[in-house]
Visitor: 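Here's a structure for you.
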2 protein chains.
Amino acid sequence: MPKFVISLFPVCIVPLSLTDCFCCRDDEDTFKILIATDIHLGYLEKDAVRGNDTFVTFDEIMKCAKQNEVDFVLLGGDLFHDNKPSRKAMHNCMEALRKYCMGDKPILFEVLSDQAVNFGNSKFPWVNYQDENLNISIPVFSVHGNHDDPTGADGLCALDLLSCAGMLNHFGRSLSVEKLEISPVLLQKGSTQIALYGIGSIPDERLYRMFVNNQVTMLRPREDENSWFNLFVIHQNRSKHGATNYIPEQFLDDFLDLVVWGHEHECKIAPVRNEQQLFYITQPGSSVVTSLSPGEAVKKHIGLLRVKGRKMNLQKIPLHTVRQFLIQDITLMDYPDIFSPEQPNVTHKVQAFCQQKVDYSGGFESFNTMRFSQKFVDRVANPKDLLHFTRQREAKDGMRDEGIDFEALLSRPSSEVLQLRVEDLVKEYFQTAEKNMQLSLLTEQGMGKAVQEFVDKEERDAIEELISYQLEKTQRYLRERHVEASEEKIDEEVSVGLRG
Amino acid sequence: MPKFVISLFPVCIVPLSLTDCFCCRDDEDTFKILIATDIHLGYLEKDAVRGNDTFVTFDEIMKCAKQNEVDFVLLGGDLFHDNKPSRKAMHNCMEALRKYCMGDKPILFEVLSDQAVNFGNSKFPWVNYQDENLNISIPVFSVHGNHDDPTGADGLCALDLLSCAGMLNHFGRSLSVEKLEISPVLLQKGSTQIALYGIGSIPDERLYRMFVNNQVTMLRPREDENSWFNLFVIHQNRSKHGATNYIPEQFLDDFLDLVVWGHEHECKIAPVRNEQQLFYITQPGSSVVTSLSPGEAVKKHIGLLRVKGRKMNLQKIPLHTVRQFLIQDITLMDYPDIFSPEQPNVTHKVQAFCQQKVDYSGGFESFNTMRFSQKFVDRVANPKDLLHFTRQREAKDGMRDEGIDFEALLSRPSSEVLQLRVEDLVKEYFQTAEKNMQLSLLTEQGMGKAVQEFVDKEERDAIEELISYQLEKTQRYLRERHVEASEEKIDEEVSVGLRG
């Protein structure tokens with residue numbers, strides 16, 4: 001039996017199995033699963049050059065699923081970039097799903113678990129391919145990411161619209177913020193059984209705390225516990241962004257066989273064994289470059305996972321429609337023979353030299369990047385990002401350290417303002433507002449959360465809802481104490497109430 | 001043969017036919033069509049009491065379609081209240097469509113026309129019930145209204161999402177703004193043939209102009225022209241709102257048999273014959289009260305239209321879930337025996353008398369409506385609307401007549417600001433802004449349109465797109481004249497360019 005497989009995709013066959021390789025023989029016991037994540041539909045959709053990139057790549061991914069006749073598609077969250085996707089993004093998504101996931105190809109696996117539990121959040125709580133009114137050829141299963149998570153009073157997310165339309169199966173949704181009990185979707189094809197677990201994106205700190213407090217339970221199938229292949233999809237920080245702002249791999253149960261890790265954009269799709277827990281982790285990475293970081297310059301892939309019994313194999317499939325992203329650091333000081341800050345026409349020299357990112361430390365002057373980048377309009381998709389002048393630890397950042405002047409803020413270029421975090425602004429307001437002007441009914445925490453929902457998730461009622469809630473609470477408090485309707489008395493009582 | 005029909009709905013059987021009544025005998029030649037319009041899904045969806053009204057009524061309408069086993073549903077536009085419906089509105093809409101319009105009931109009529117023409121705007125340009133991947137039991141056909149019309153660079157509207165999901169057939173879409181050529185959807189059931197025409201909402205003035213210029217053509221079937229029942233759906237002003245701000249009935253072709261008139265909210269569903277054109281008009285009216293006007297206090301209905309050969313019958317079906325809306329004018333001066341402005345405690349007397357709208361002309365003082373309305377919280381759904389104090393021609397409105405002070409505007413209560421029209425604000429700005437501050441590249445007309453799109457249609461890029469467009473145009477102009485890069489010269493050239 002060959003250890004390596006010949007495939008249509010000449011690159012990157014990753015043979016991998018718990019004991020053996022079998023992927024060349026797709027048979028009636030072999031699940032074929034297309035794995036992708038962080039597709040970010042709608043990212044930069046207004047960009048004249050890159051506007052359609054995410055839609056084109058999603059089309060490539062779904063076409064690949066169809067060509068490979070997979071049993072199902074498994075997505076790791078952030079299918080959409082915006083919490084409230086534009087009409088165009090939603091329309092393009094539906095178009096691809098209807099085009100590639102409907103048809104007469106028979107579905108050869110069964111769902112054994114209680115679907116009312118697995119898809120309890122849906123108005124149609126069953127897997128879409130079992131709906132007798134829909135002719136589904138490739139079911140798509142997805143958890144939500146932090147970009148397309150549920151918000152608002154109804155707790156709906158963009159994926160729920162697709163679920164309601166019968167185009168996708170949104171799973172891994174939890175309603176509690178204290179405790180998670182994850183019932184797997186139990187799938188059977190021939191003799192192979194997969195227990196599919198998922199957790200839709202939750203703030204990292206909260207999930208971390210739940211893990212630490214032993215409040216995360218992964219339920220196991222009652223019968224033949226050890227015959228299942230345990231597949232888990234998560235959409236969280238994998239790398240440490242702070243003490244509790246990530247999910248350490250060893251938090252996850254050791255009965256798992258494979259973890260599909262979403263959210264992290266760097267493609268590290270080749271499964272890596274966690275030697276402590278003895279499971280494998282695959283990190284497919286995003287299918288679009290959303291930040292100018294080296295991790296995003298790594299070639300993008302999706303995965304074709306085969307599972308037979310408890311053995312698996314993951315085939316890397318390179319994405320052909322993703323723009324090649326190049327990044328390079330150049331430090332001018334490393335070229336003392338060519339440049340020195342004192343040279344009279346050094347700027348021209350540097351400009352001629354630069355087609356890369358330049359470290360400008362050491363007293364060098366920068367030049368007009370706009371004019372520079374125009375020369376590349378026909379050759380790169382993001383000419384404005386072409387050059388980033390940086391000076392290491394020379395100038396103070398200032399934005400985070402000093403107080404925020406809200407007046408001045410409005411006159412700053414928006415590119416600068418965009419670097420500020422919403423939470424910082426709210427915090428700053430509460431710290432710097434004059435005492436007599438300060439909000440006394442609304443707390444920094446409440447306001448911070450509401451403003452963030454308003455900005456990041458476009459929940460336009462978040463602030464109004466907080467205020468109504470707080471107002472009602474205060475009125476109830478005042479009524480209970482029978483406070484008379486004089487302004488001073490109310491002020492007094494309220495501040496007592498807040499202190500108490 | 002009975003002239004009146006016994007029905008499940010005891011009220012309002014409207015026997016009507018071109019020559020004869022036949023609706024008691026549904027047979028294989030009889031089309032049964034449910035007609036409704038202006039459902040305004042999402043209207044007041046944040047209201048604590050009335051928030052779900054539109055969803056509940058849409059459910060009633062679609063359930064009624066199912067119970068009556070209609071061949072199809074015909075909607076006259078404004079299915080959604082907001083151009084960008086909330087997630088909740090879209091979700092609820094999809095839920096009802098999937099629940100009531102999918103299933104095994106066979107479809108007993110055919111589409112004879114070229115569907116690629118009828119539904120050319122869709123990525124799936126065929127009627128949804130003929131899609132072999134969808135099991136549709138009741139197809140829904142709809143034109144768009146002014147609330148849910150296509151906007152933005154892609155020209156998509158909310159109905160297009162439903163079309164893309166296979167849940168609705170959006171027709172009556174025109175791409176030209178100069179000329180309309182309407183190809184009917186040709187339907188056949190047994191021996192009955194319907195030519196279904198539709199025009200999605202267009203600004204009234206524009207459509208008026210097209211009619212006047214003979215630029216609206218309704219194409220007729222080539223064969224047996226006279227054997228078709230010609231049904232037309234339109235969503236425009238029917239009553240005159242200005243010289244050209246409506247569509248006169250006599251503009252419409254006289255070969256039509258029945259016009260379904262959307263947009264007008266008053267239920268005048270009983271077909272009325274236009275004696276000049278010899279067609280009938282049915283105006284179903286909205287299924288939700290959206291303005292405090294007498295027309296909206298008329299009981300709401302939908303219609304069950306039967307068509308056999310060229311005969312028709314329209315049965316009125318009252319909607320049971322619509323809140324009863326009561327409106328009454330009271331003029332205090334009409335009660336000189338009870339009230340006079342000079343009475344010392346007249347306010348209390350009036351307050352006791354008032355459970356209606358009161359005309360306060362004649363020197364009377366008003367009282368606190370907030371406190372008054374609180375007494376009705378449990379009895380009416382809109383306590384805040386309970387009383388409207390009006391004084392006839394006593395105080396100047398002031399808002400429209402005098403200049404708008406933008407500074408002062410920001411400090412006005414938002415209820416007042418809401419009465420201003422966006423166009424007025426833009427116009428005012430251009431008239432009052434100081435000359436040296438005035439926008440010279442952007443015109444009032446362009447800005448007005450962009451701001452309106454931004455506000456009314458939530459097209460968040462409308463203003464930016466206008467500015468980019470204008471900037472580019474100006475830059476091109478300057479480049480062509482090789483203007484040097486000094487600020488004065490540019491200003492000079494630009495103003496010359498604008499004048500020229």
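What you see below is based on every heavy atom in this structure, not just the backbone, and it leaves out hydrogens, waters and symmetry mates. Chain A is the first sequence line, chain B the second, and so forth, proteins listed ahead of strands; every chain is numbered from 1.
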Visitor: For B:N83, is it the side chain, the backbone, both, or neither that has a heavy atom closer than 4.5 Å to a heavy atom of chain A?
Guide: both
Visitor: For chain A, which residues of residues 152-167 of chain B have at least one non-hydrogen atom nearer than 4.5 Å to it?
Guide: B:D154, B:L156, B:C157, B:A158, B:D160, B:L161, B:S163, B:C164, B:A165, B:G166, B:M167
Visitor: Tell me, for A:K123 versus chain B, whether the close heavy atoms (under 4.5 Å) come from the side chain, the backbone, both or neither.
Guide: side chain
Visitor: Using non-hydrogen atoms and a 4.5 Å limit, figure out which bit of A:K46 sits close to chain B: side chain, backbone, both or neither.
Guide: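 Side chain only.
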Visitor: Using 0.5 Å steps for rounding, measure from the CZ atom of A:R87 to the OG1 atom of B:T151.
Guide: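 Reported to 0.5 Å precision, the distance equals 4.5 Å.
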Visitor: If you check every heavy atom in residues 134-141 of chain A against those of chain B, which residues fall under 4.5 Å?
Guide: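 Expected list: A:L134, A:N135.
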Visitor: Where on A:E465 is there a heavy atom nearer than 4.5 Å to chain B: the side chain, the backbone, both, or neither?
Guide: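 Looking at A:E465, just its side chain touches chain B.
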Visitor: Side-chain contact, heavy-atom cut-off 4.5 Å: B:N133 with A:R98?
Guide: no
Visitor: Quick one, B:M102 and A:D131 - any side-chain contact, counting heavy atoms below 4.5 Å?
Guide: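 When only atoms from C-beta onward are counted, A:D131 and B:M102 do not touch, as no gap falls below 4.5 Å.
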Visitor: Please list all pairs meeting salt bridge (Lys or Arg N to Asp or Glu O under 4.0 Å) that have one or both residues in residues 138-153 of chain B, counting only residues at least two apart or in different chains.
Guide: B:D149-B:K457
Visitor: Just wondering, more than 12 heavy atoms not from B:Q130 lying within 6.0 Å of its CD?
Guide: yes
Visitor: Between A:M94, A:E464, A:M90, which shows the greatest number of heavy-atom pairs under 4.5 Å with chain B?
Guide: A:M94
Visitor: Does A:K99 have any salt bridge (Lys or Arg N to Asp or Glu O under 4.0 Å) partners at least two apart in sequence or in another chain, and if so, which?
Guide: A:D59
